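Throughout, residue positions are numbered sequentially from 1 according to the sequence presented. Since the structure is predicted, the reported quantities are computational estimates derived from the model, not experimental observations.
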Amino acid sequence: MPSAQSSKSSVVFIFIAVLIDVIGFGIIIPVIPELIMELTGEGISRAAIYGGWLGFAYAVMQFLAASVLGNISDSVGRRPVILFSLAALGIDYIVMGLAPSLPWLFLGRALAGIAGASFIPAYAYLADVSPPEKRAQNFGLVGTAFGIGFIIGPAIGGLLGGFGTRTPFFVAAGLALANTAFGYFVLPESLPKERRRPFALKRANPVGALIQIRKYPVVAWLAGSVFLWQVAHQVFPSTWSFYTMYRFGWTETLVGASLACIGAIMAVSQGILSRIVVPSIGERRTALLGLACAICAHLGFAFATRSWMAFALLGAWLFAGLVYPSLNAIMSREVPPNAQGELQGAVATLFSIALVVSPPLMTQLFGRFSGPNAPIRFPGAAFACAALLTSA
């Protein structure tokens with residue numbers, strides 16, 4: 001086990017790397033609807049459906065890559081896998097920024113699916129350097145990086161969108177490649193050679209990874225909860241921009257501001273509140289409290305009629321933001337040190353399956369119930385579905 005000082009430094013390195021990565025990702029979100037409409041000539045309801053299939057392409061590639069990268073990190077170490085993923089993400093943004101047609105956007109999202117698996121070895125890295133009692137808090141730091149990244153990224157993206165829909169992509173590419181260089185020079189390896197295991201294709205394929213976690217009954221049960229949570233939660237990245245532009249007439253700048261607000265709430269939730277709530281009531285009760293708040297928020301979004309209502313409901317994510325790190329920490333206690341990468345790979349595989357299912361589902365619901373031929377005018381149908389899934 002690394003020294004306390006070394007562990008703290010490593011956690012800081014991962015935090016900064018993930019932060020810069022998420023800033024780059026958040027920059028492009030506000031301009032995606034406008035870029036799709038620009039390339040296709042379609043309205044926002046139809047553009048949302050294309051956006052859902054872009055998310056599907058991302059998810060399929062992440063599904064194929066997730067457990068492979070997690071298991072490779074158990075074999076060769078976390079550092080090279082993290083650096084590879086970050087470099088691939090930079091290339092993806094360049095491809096999307098130059099895309100002359102919709103198929104090029106699909107190619108870019110496919111590359112992003114592979115690169116998006118960088119969070120698997122990042123979580124495994126934290127598991128390597130964290131004592132069991134600190135894992136929930138350190139996993140929460142990754143959530144904090146997401147939160148801060150979504151404060152800065154979408155806000156910048158909304159402003160950069162004023163200089164053209166493609167400008168944010170090139171800025172994001174620069175950040176991702178700079179992040180790669182940063183990691184190359186400052187990120188140490190966390191998994192000693194004596195704790196590594198040989199790479200095995202049987203354990204690296206997505207189905208094999210899921211089969212392996214069946215050896216741990218608590219993990220297998222919780223994995224189902226994580227899956228439903230992720231299917232529901234993906235209503236935000238897949239539908240939020242389209243829904244708020246349609247329902248409230250928001251501009252790219254206001255969409256970016258709302259996402260920045262979500263980021264601020266998540267940062268407070270996972271960076272500060274997690275250190276108060278989790279030790280006080282435990283990981284299980286924290287997860288249940290967060291799920292209850294998420295259900296209320298999703299239903300509120302589904303029926304909101306004013307912009308201020310949407311902003312007010314975001315406050316529920318102070319507790320909803322604690323669900324994933326709490327569940328992840330519970331699962332990490334149930335597996336040995338040399339299988340942490342495999343666990344995170346299996347969880348990411350479930351996350352990828354959720355991404356395969358959720359974006360087409362949520363955007364189809366939005367497009368179907370907001371388009372000109374809608375049987376019932378209910379653009380919030382996707383959020384109602386998310387509430388149902390969260391309560392299941």
Greater than 12 external heavy atoms within 6.0 Å of Phe170's CZ: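 Yes, the 6.0 Å shell around CZ holds more than 12 heavy atoms from other groups.
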
For Arg377, does the CZ atom sit with more than 12 other heavy atoms under 6.0 Å from it, leaving out its own atoms?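 Yes, the 6.0 Å shell around CZ holds more than 12 heavy atoms from other groups.
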
So, for [X] and [Y], which heavy atoms are closest and what is the spacing to 0.1 Å?
X: Asp92; Y: Ala112; answer: OD2-CB, 3.4 Å
X: Met245; Y: Ile44; answer: CB-CD1, 3.5 Å
X: Ser269; Y: Leu318; answer: OG-O, 2.6 Å
X: Thr244; Y: Ser241; answer: OG1-O, 3.3 Å
X: Thr363; Y: Pro360; answer: OG1-O, 3.5 Å
X: Pro379; Y: Arg247; answer: CG-NH1, 3.2 Å

Give a yes or no on whether the ring-centroid distance for [X] and [Y] is below 6.0 angstrom.
X: Trp250; Y: Phe311; result: yes
X: Phe303; Y: Phe378; result: yes
X: Trp53; Y: Tyr58; result: no
X: Trp240; Y: His298; result: no

For Tyr50 and Phe242: C-alpha separation, side-chain torsions, deciding distance, then whether ring-ring contact (aromatic ring centres under 6.0 Å, His included) applies. CA-CA 11 Å; Tyr50 285 126; Phe242 299 97; over 10 Å; no

NZ/NE/NH1/NH2 to OD/OE distance under 4.0 Å, Arg166 and Glu38: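 Salt bridge between Arg166 and Glu38, a charged N being under 4.0 Å from a carboxylate O: yes.
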
Which class fits the ring pair Phe383 and Tyr243: parallel under 30°, tilted 30 to 60°, perpendicular over 60°?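 Phe383 and Tyr243: tilted rings.
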
Which residue in the set Ile281, Leu273, Val323, Leu291 passes side-chain contact (heavy atoms from CB on, under 4.5 Å) when paired with Thr286?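 The side-chain contact (heavy atoms from CB on, under 4.5 Å) with Thr286 is passed solely by Ile281 among Ile281, Leu273, Val323, Leu291.
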
Who else is in Met309's hydrophobic cluster (ILVMFWY, side-chain heavy atoms under 4.5 Å, direct or via others)?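 Besides Met309, the cluster holds Trp308.
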
Sidechain-backbone polar pair: Thr180 side chain, Ala87 backbone, donor-acceptor under 3.5 Å: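 Judged by distance alone, yes, a pair lies under 3.5 Å.
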
Tyr246 vs Phe366, ring-ring contact (aromatic ring centres under 6.0 Å, His included): CA-CA, chis, key distance, verdict: CA-CA 10 Å; Tyr246 176 92; Phe366 169 72; 5.7 Å; yes

Output all residues satisfying salt bridge (charged side-chain N to carboxylate O under 4.0 Å, His left out) with Arg79, sequence neighbours left out; order by chain, then residue number.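 Arg79 satisfies salt bridge (charged side-chain N to carboxylate O under 4.0 Å, His left out) with no other residue.
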
Please evaluate residues Ser370 and Ser45 with respect to the criterion side chain to side chain donor-acceptor pair (under 3.5 Å), reporting the C-alpha separation (whole Å), side-chain torsions for both, the decisive distance (0.1 Å), and the verdict. CA-CA 6 Å; Ser370 66; Ser45 295; 3.0 Å; yes

